Undergrad: 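Below you'll find the structure I mean.
Keep in mind it's a predicted model, so treat the numbers as computed, not measured. A, B, ... follow the sequence lines: proteins, then strands. Residue 1 opens every chain.
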Protein chains: 2
Amino acid sequence: MNQLSSVTPVANGHAVTPSARAPEPARCSLPLGSAMICGGARNREDRAPDSKVLTGCAPGQDVWFIRSGILRLQRHAYDGHRQILSLFFPGEIVGFDRQFGGEISIEAATQSSLCRIDRRMFQTLVDEDSTLRADFFRQKQDQLERLHWLTWSLAALGPDERLCALLALSTRIMPYQPLSDGTGVLSVQLPRKDIADLLGTTVESISRIVHRLAGARIIEIIDPAHFRLLDLPGLAARGQIDSIFEKMTFGLANRRSQLEHVAAPAATDPVCLCGRQAGLLTPVNDRRAASDILV
Amino acid sequence: MNQLSSVTPVANGHAVTPSARAPEPARCSLPLGSAMICGGARNREDRAPDSKVLTGCAPGQDVWFIRSGILRLQRHAYDGHRQILSLFFPGEIVGFDRQFGGEISIEAATQSSLCRIDRRMFQTLVDEDSTLRADFFRQKQDQLERLHWLTWSLAALGPDERLCALLALSTRIMPYQPLSDGTGVLSVQLPRKDIADLLGTTVESISRIVHRLAGARIIEIIDPAHFRLLDLPGLAARGQIDSIFEKMTFGLANRRSQLEHVAAPAATDPVCLCGRQAGLLTPVNDRRAASDILV
DNA sequence: CGCTTAATTGACACCAGTCAATACCCGTGG
DNA sequence: CCACGGGTATTGACTGGTGTCAATTAAGCG
């Protein structure tokens, strides 16, 4: 237990790139297809948890690139019931699709850092750059697959199985510290309420299930947001995602590590690469000009 | 009751284009974006209910265009439980996306008529023709929206509300004969089991709900597959789709009527139009050559 | 130290799934 | 014409899980 507390600090800070929290990194370049998204400080926006990113009402002239944090796509029923339809993770683009109805919206689930992209600019890029298009397609496919899973599990699985699946998946999308004995410590960044609304259940049930899993020696509760997963394969099996685990998490983990590679050595050189085609990357020193290519 | 029986014949025949059942129409041209899909008889395939169209295992080198009928996207749990994730309707393209996992598959839910399209050919067309791409995008958007609805309703709505929503939506995707008094007769083409597996419930519950609705004078049961909807707006409201009803059914009804216009006057002239860009439609008399453009 | 918020635990009712039996429809074949 | 059989729909009785409501505890914060 005490040895675990030495690991937990990973949980602090926000989503994926702790370095982004540093005061004004001022410039960054983010990979997307063969293009680089160059967001100057003026194109970046930090969002606090529960703040709105896109609502159905607002025209939403912008597309958003997620630098860090987790966004949630949600819809409310007449009685106020909220259901989370999907989560969006670092490296993904949101807001390009058709305007949602008035009842659907995207909000920040955790502290997030976004990068604003002009809609028409992005449209143009997608039309011109087939590599970007392919990459964007792949994102859509990933998101679709996640939605398929959620839909299926809501109807075919029990709440406990759904939570097991989520915990297993979380090892790839949230801070997870593997230990030498095969177990690992997971930092759950999603509020309990969000987990409940995503899995179509209640916070009370989540709490009961968590403690039930702890009783069955499948997990160990460090604190309400940190669990030690004693049997990750077992979790995946209970959630019936063992056969698709790799496939579902591949794209996610990929984009995440890509972002980390970019964000990590950010303290070295102010040069920002921008290009629209593979092999045609253009080094740009003036960050204002660079950020204008892809607002 | 007797006046209703004079209406029900609409229910017979299969899905949407009864004329397609005629012996060997041999040629047809179907609109998709600015292109026309010209399926000669050898590219067409009729599928019986429950026959497989795409499985995760099979490489599936082909893309399918739905001429008539309803296809279902489904997945099985370990215990055999089946969940239908989505339905596909006439005018839509399936099979272009990433290969599914082994557990997911597409089958015919009703008697269906499909049109086989070579994958690479379609890929090329999508890359070249931005209008087709836009149309294809719109299809994907529609499908995504339906999936969003299903996901949301599985968690936020009760089984009865889900059925109400499905009935309301069905007036746009299944034979529906409006009557002068504002009511109308709906022919449900989906087997009871499919309805249950789509809405995440059981056939027993479906039966109970149907009779409950009849008791509440919201519908009238003509026979297990034909209902007289006494209060369509009420149904939509119960299903909480009243505010998005038009939006959700627009694309579907659109494609359906498009297909009917094409299929209806099929007995006139053997000329088959094929073209890749708007305004560049090329009349082709040799149907073999025509069908080769887009196999 | 008292406030607010989140997490937990308990008691309870009710809905919906399960299982089993029956009714119904629609072929076939006698 | 009726008897038979297979599939589907319906109905009933029962039970278990899960939501709901309420109370308690724990934790963060001024």
Side-chain angles (χ1 to χ4, degrees), chain A residues 5 8 11-12 48-50 77 79-83 109-111 153-164 167 187-216 219-227 238, chain B residues 5 8 11-12 48-50 77 79-83 109-111 153-164 166-167 186-216 219-227 238:
Chain A
S5 60
T8 44
N12 297 0
D50 300 333
D79 61 5
H81 229 87
R82 182 187 69 166
Q83 173 62 20
T110 69
Q111 180 69 256
S153 68
L154 281 172
L157 266 46
D160 45 352
E161 298 171 300
R162 296 201 288 270
L163 182 63
C164 287
L167 287 178
S187 300
V188 180
Q189 307 189 291
L190 245 35
R192 270 297 219 285
K193 180 78 175 125
D194 282 0
I195 297 177
D197 287 349
L198 175 68
L199 301 183
T201 179
T202 61
V203 284
E204 291 94 334
S205 287
I206 296 291
S207 178
R208 275 186 256 266
I209 295 169
V210 164
H211 286 264
R212 207 180 301 153
L213 291 177
I219 67 173
E220 210 172 80
I221 304 174
I222 300 171
D223 69 59
H226 298 94
F227 309 122
R238 270 170 188 261
Chain B
S5 59
T8 44
N12 298 359
D50 299 333
D79 60 6
H81 229 89
R82 182 187 70 166
Q83 173 62 18
T110 69
Q111 181 69 257
S153 69
L154 280 173
L157 267 45
D160 46 352
E161 299 171 298
R162 296 202 288 271
L163 183 62
C164 287
L166 181 63
L167 287 177
L186 175 71
S187 300
V188 180
Q189 307 189 291
L190 246 37
R192 270 298 219 285
K193 181 78 175 121
D194 281 0
I195 298 177
D197 287 349
L198 175 68
L199 301 183
T201 178
T202 62
V203 285
E204 292 93 334
S205 287
I206 297 290
S207 179
R208 275 187 255 267
I209 295 168
V210 164
H211 286 264
R212 207 180 301 152
L213 292 177
I219 67 173
E220 210 171 78
I221 303 174
I222 299 171
D223 70 59
H226 298 94
F227 308 123
R238 271 170 189 263

Undergrad: For the residue pair A:V210 and A:F227, establish whether any side-chain heavy-atom pair is separated by less than 4.5 Å.
TA: yes
Undergrad: Using side-chain contact (heavy atoms from CB on, under 4.5 Å), reason through B:I206 and B:L199 one step at a time and then give a plain yes or no.
TA: CA-CA 9 Å; B:I206 297 290; B:L199 301 183; 4.3 Å; yes
Undergrad: If you count heavy atoms of other groups shown closer than 6.0 angstrom to CZ of A:R238, is the number above 12?
TA: no
Undergrad: Counting distance only, does the side-chain N/O of A:R212 pair as donor-acceptor with the main-chain N or O of A:D160 below 3.5 Å?
TA: no
Undergrad: Between D:dT11 atom C1' and B:I209 atom CD1, what is the distance in whole Å?
TA: 15 Å
Undergrad: Is the closest side-chain heavy-atom distance between B:D194 and B:R82 below 4.5 Å?
TA: yes
Undergrad: Does the side chain of B:T201 come within less than 4.5 Å of B:R208's, by heavy atoms?
TA: no
Undergrad: For the residue pair B:E161 and B:C164, establish whether any side-chain heavy-atom pair is separated by less than 4.5 Å.
TA: no
Undergrad: Using modelled atom types and a 3.5 Å cut-off, is there a donor and acceptor pairing between side-chain atoms of B:Q83 and backbone atoms of B:L198?
TA: yes
Undergrad: Measuring from A:D50:CG to A:Q111:CD, what's the distance to the nearest 0.5 Å?
TA: 11.0 Å
Undergrad: Walk along DNA chain C from 5' to 3' and tell me the first and last nucleotide with an atom closer than 4.0 Å to a non-hydrogen atom of chain A.
TA: C:dA7 to C:dA11
Undergrad: Kindly state which residues belonging to residues 191-206 of chain B come within less than 4.0 angstrom of DNA chain D, counting heavy atoms of the residue only, listed by number.
TA: B:R192, B:E204
Undergrad: For B:I222 and D:dA9, give me the distance from atom CD1 to atom P, rounded to whole Å.
TA: 16 Å
Undergrad: Distance check, rounded to the nearest 0.5 Å: B:E220 atom CD versus B:H226 atom NE2?
TA: 14.0 Å
Undergrad: Along nucleotides 23-30 of chain D, 5' to 3', which nucleotides get a B, which get an S, and which get a -, given that the test is a protein heavy-atom distance under 4.0 Å?
TA: --------
